[in-house]
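Below is one structure; the comments refer to it alone.
We count ligands from 1, going down the list as the structure has it; atoms in each ligand are counted the same way. Residue numbers run from 1 in the order of the sequence given. As a basis for the values below, the full set of heavy atoms in this structure was taken, side chains included, without hydrogen atoms, waters or symmetry mates. Please read these numbers as outputs of a predicted model, since none were measured by experiment.
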Amino acid sequence: MIDIKNYNDNNIFAKILRKEIPSECIFENDSIYAFKDINPQAPIHVLIIPKQKFCSFDDFCSKAEEKIIFSFMRSIKKVAEILGIKDGYRIISNVGINGGQEVPHFHIHLIAGKKLGAILN
Ligand code: AMP
């Protein structure tokens, strides 16, 4: 069962941040890292993560400094610009078991490149 209360340094995104496993970087700065999802659900599927350790969106909103939250939100738009997305996109953050979260390091999915269907299935 996924634990989103206690940060686990062995989660796959922590390993990506430490460069222990490869990833395809789209954008990076001091506080965020954006990379291609390994199992894309659309022509464009990028994950945006903070470099600091937060288990989930919930954890991020509770514990991150306001300036970090602000710059994280801005960085999502910057990544969309870098990707040259013109016709819109969807951002998703799965939280916990019912949210379908698999990796316990907070991340935003940025999905684009085709007309997307219903949000829920
Ligand atoms: P979530 O279910 O919201 O936790 O999403 C986790 C996402 O991480 C899924 O879309 C996976 O395809 C993606 N993922 C898992 N391992 C990797 C990896 N090594 N590199 C890139 N994306 C990954």
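- Heavy atoms of other residues, nucleotides or ligands lying less than 6.0 angstrom from CZ of F13 number more than 12.
- An N or O contact shorter than 3.5 Å is missing between Q101 and ligand 1 by distance.
- Note: an N/O pair closer than 3.5 Å links V103 and ligand 1 by distance alone.
- By the 4.0 Å heavy-atom criterion, I16 is counted among the residues contacting ligand 1.
- For F35 and Y33, the distance between ring centers is under 6.0 angstrom.
- Heavy-atom neighbours of E66 CD from other residues, nucleotides or ligands within 6.0 Å: at or below the threshold of 12.
- Here I4 contributes atom CD1 and F106 contributes atom CZ; the two are 12.0 Å apart, rounded to the nearest 0.5 Å.
- For atom 15 (C) of ligand 1, the candidate residues are I4, I21, I38; the nearest heavy-atom contact is made by I38.
- In this structure, the protein non-hydrogen atom closest to atom 7 (C) of ligand 1 is D37 OD2, 3.5 Å.
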Table please: side-chain donor-acceptor pairs of residues 81-98 below 3.5 Å, with sequence neighbours left out.
unit_1: E81; atom_1: OE2; unit_2: K77; atom_2: NZ; d: 2.4
unit_1: R90; atom_1: NH1; unit_2: G117; atom_2: O; d: 3.2
unit_1: R90; atom_1: NH2; unit_2: G117; atom_2: O; d: 2.9
unit_1: S93; atom_1: OG; unit_2: H107; atom_2: O; d: 3.0

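- Here F106 has no heavy atoms under 4.0 Å from ligand 1, in either its backbone or its side chain.
- Put simply, part of G100 is less than 4.0 Å from ligand 1, judged by heavy atoms.
- Atom NZ of K36 sits in a sparse spot, with 12 or fewer heavy atoms from other residues, nucleotides or ligands closer than 6.0 Å.
- At a threshold of 4.5 Å between side-chain heavy atoms, the hydrophobic network of Ile, Leu, Val, Met, Phe, Trp and Tyr places I2 and I108 in one connected group.
- Q41 does not count as a contact of ligand 1, since none of its heavy atoms falls under 4.0 Å from the ligand.
- At least one N or O atom of H109, backbone or side chain, sits closer than 3.5 Å to an N or O atom of ligand 1.
- With a 4.0 Å heavy-atom cut-off, ligand 1 is reached by the side chain of L47 but not by its N, CA, C or O.
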